[in-house]
Asks: 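Once you've had a glance at the structure underneath, I'll fire off some questions.
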Amino acid sequence: MKTYGVGVFGIGWVAGEHIKAYAQNPHMKVAALASRHRESAQAARDKLALDCDVMDTFDDLIRRDDIDVIDICSPNVLHAEEAIAAAKAGKHVLIEKPIAMSLRELRAVRD
């Protein structure tokens with residue numbers, strides 16, 4: 001079975017829990033972390049002893065060919081915009097709640 005590369009964007013408590021779950025799944029590999037504050041991504045990589053890259057931006061993650069899944073853990077107001085961009089880049093998307101801030105955004109993510 002394929003191993004899916006994961007890119008996590010937004011590094012806070014919940015991202016750490018997601019990363020721990022990926023580490024327990026033999027079909028998932030965290031390929032890169034990114035955050036609006038690079039230092040938090042670097043700190044998470046070091047704390048969790050991950051063998052992955054630290055990227056500067058969300059766009060850096062969605063451009064990577066080795067990333068199949070984007071895990072969006074950024075501030076709520078960014079979720080819809082990032083989910084749409086990741087889907088347009090051909091990525092599977094996992095979105096921390098809430099998915100969107102309005103029904104209009106939620107429909108745009110769905111579409």
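Below, all heavy atoms of this structure are taken into account, side chains as well, without hydrogens, waters or symmetry copies. One is the number of the first residue; the rest follow in order along the sequence. Worth saying up front: this structure is predicted, and the values here are computed from it rather than measured.
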Asks: Give a yes-or-no answer on whether the side chains of D71 and Y22 include a donor-acceptor pair shorter than 3.5 Å.
Replies: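 A pair is found: one side chain offers a donor N or O, the other an acceptor, under 3.5 Å apart.
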Asks: Between K91 and I67, is there a donor-acceptor pair closer than 3.5 Å when you use the side chain of the first and the backbone of the second?
Replies: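 A pair under 3.5 Å: yes.
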Asks: Is it the case that the side chain of H79 and the backbone of E96 share a donor-acceptor pair, with hydrogens and angles ignored and the cut-off at 3.5 Å?
Replies: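 Answer holds: yes.
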Asks: Answer yes or no: is there an ion pair linking K29 with D66, defined by an N-O contact shorter than 4.0 Å?
Replies: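 No salt bridge links K29 with D66.
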Asks: Using the rule that Ile, Leu, Val, Met, Phe, Trp and Tyr join whenever any side-chain heavy atoms are under 4.5 Å apart, tell me whether V14 and V6 fall into a single cluster.
Replies: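 Unlinked, V14 and V6 end up in two clusters.
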Asks: Rounded to the nearest 0.5 Å, how far apart are CG of L106 and CG of L103?
Replies: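 Separation between the atoms: 6.0 Å.
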Asks: About how many Å separate OG of S102 and CZ of R107, when rounded to the nearest 0.5 Å?
Replies: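 Answer for the CZ-OG pair, R107 versus S102, is 9.5 Å.
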Asks: Short question: side chain of E105, backbone of M101 - any donor-acceptor pair under 3.5 Å?
Replies: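 A pair under 3.5 Å: yes.
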Asks: Assess the residue pair R63 and L61 against the criterion (side-chain contact (heavy atoms from CB on, under 4.5 Å)); give the C-alpha distance rounded to whole Å, side-chain angles, the decisive distance to 0.1 Å, and a yes or no.
Replies: CA-CA 5 Å; R63 284 189 200 111; L61 288 179; over 6 Å; no
Asks: Give me the atom names and distance for the closest heavy-atom approach of V93 to A86.
Replies: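 Minimum heavy-atom contact is CG2-CB, 3.8 Å.
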Asks: Between D111 and A108 (side chain of the first, backbone of the second, donor and acceptor by atom type, cut-off under 3.5 Å), is there such a pair?
Replies: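 Answer holds: no.
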Asks: Would M28 and V69 satisfy side-chain contact (heavy atoms from CB on, under 4.5 Å), going step by step from the backbone distance to the final call?
Replies: CA-CA 9 Å; M28 307 296 279; V69 178; 4.3 Å; yes
Asks: For R64 versus A31, what's the shortest heavy-atom pair and its separation?
Replies: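 Smallest heavy-atom distance, with atoms named: NH2-O, 3.8 Å.
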Asks: Hey, are K2 and D68 close enough for a salt bridge, meaning a charged N less than 4.0 Å from a carboxylate O?
Replies: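 Between D68 and K2 there is a salt bridge, with a charged N closer than 4.0 Å to a carboxylate O.
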Asks: Can any side-chain N or O of R45 pair as donor or acceptor with the backbone N or O of C52 at less than 3.5 Å?
Replies: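 Yes; at least one donor-acceptor contact below 3.5 Å.
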Asks: Measuring from L94:CG to I72:CD1, what's the distance to the nearest 0.5 Å?
Replies: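 That separation rounds to 8.5 Å.
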Asks: Calculate, to the nearest 0.5 Å, the distance between atoms CG and CD belonging to D59 and E82 respectively.
Replies: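 Here the interatomic distance stands at 9.0 Å.
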Asks: Between I70 and F58, does a side-chain contact (heavy atoms from CB on, under 4.5 Å) hold up when you go through it step by step?
Replies: CA-CA 9 Å; I70 298 292; F58 181 79; 3.7 Å; yes
Asks: More than 12 non-hydrogen atoms from neighbouring residues, nucleotides or ligands closer than 6.0 Å to CG on D46, yes or no?
Replies: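 Count over threshold, so yes.
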Asks: Can you tell me how far CD1 of I95 sits from CG of N76, rounded to the nearest 0.5 angstrom?
Replies: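 Atom-to-atom, N76:CG and I95:CD1 are 11.5 Å apart.
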Asks: Working to the nearest 0.5 Å, report the span between CZ of F9 and CZ of R36.
Replies: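 If we round to the nearest 0.5 Å, F9:CZ and R36:CZ are 7.0 Å apart.
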Asks: Closer than 3.5 angstrom, by distance alone: can the side chain of H27 be matched with the main-chain N or O of Y4 as a donor-acceptor pair?
Replies: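 Absent.
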Asks: Does the side chain of V54 come within less than 4.5 Å of R38's, by heavy atoms?
Replies: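 Sidechains of V54 and R38: in contact.
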Asks: Could you report the tightest heavy-atom contact between C73 and V8, atom names first, then the distance?
Replies: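 Of all heavy-atom pairs spanning C73 and V8, the closest is SG-CG1, 4.4 Å.
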Asks: Mind listing the closest non-hydrogen atom pair of A44 and L33 along with its distance?
Replies: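 For A44 and L33, the tightest heavy-atom pair comes out as CB-CD1, 4.1 Å.
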Asks: With the 4.5 Å side-chain cut-off for hydrophobic clustering, are V30 and I11 part of the same group?
Replies: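 Result: yes, single cluster for both.
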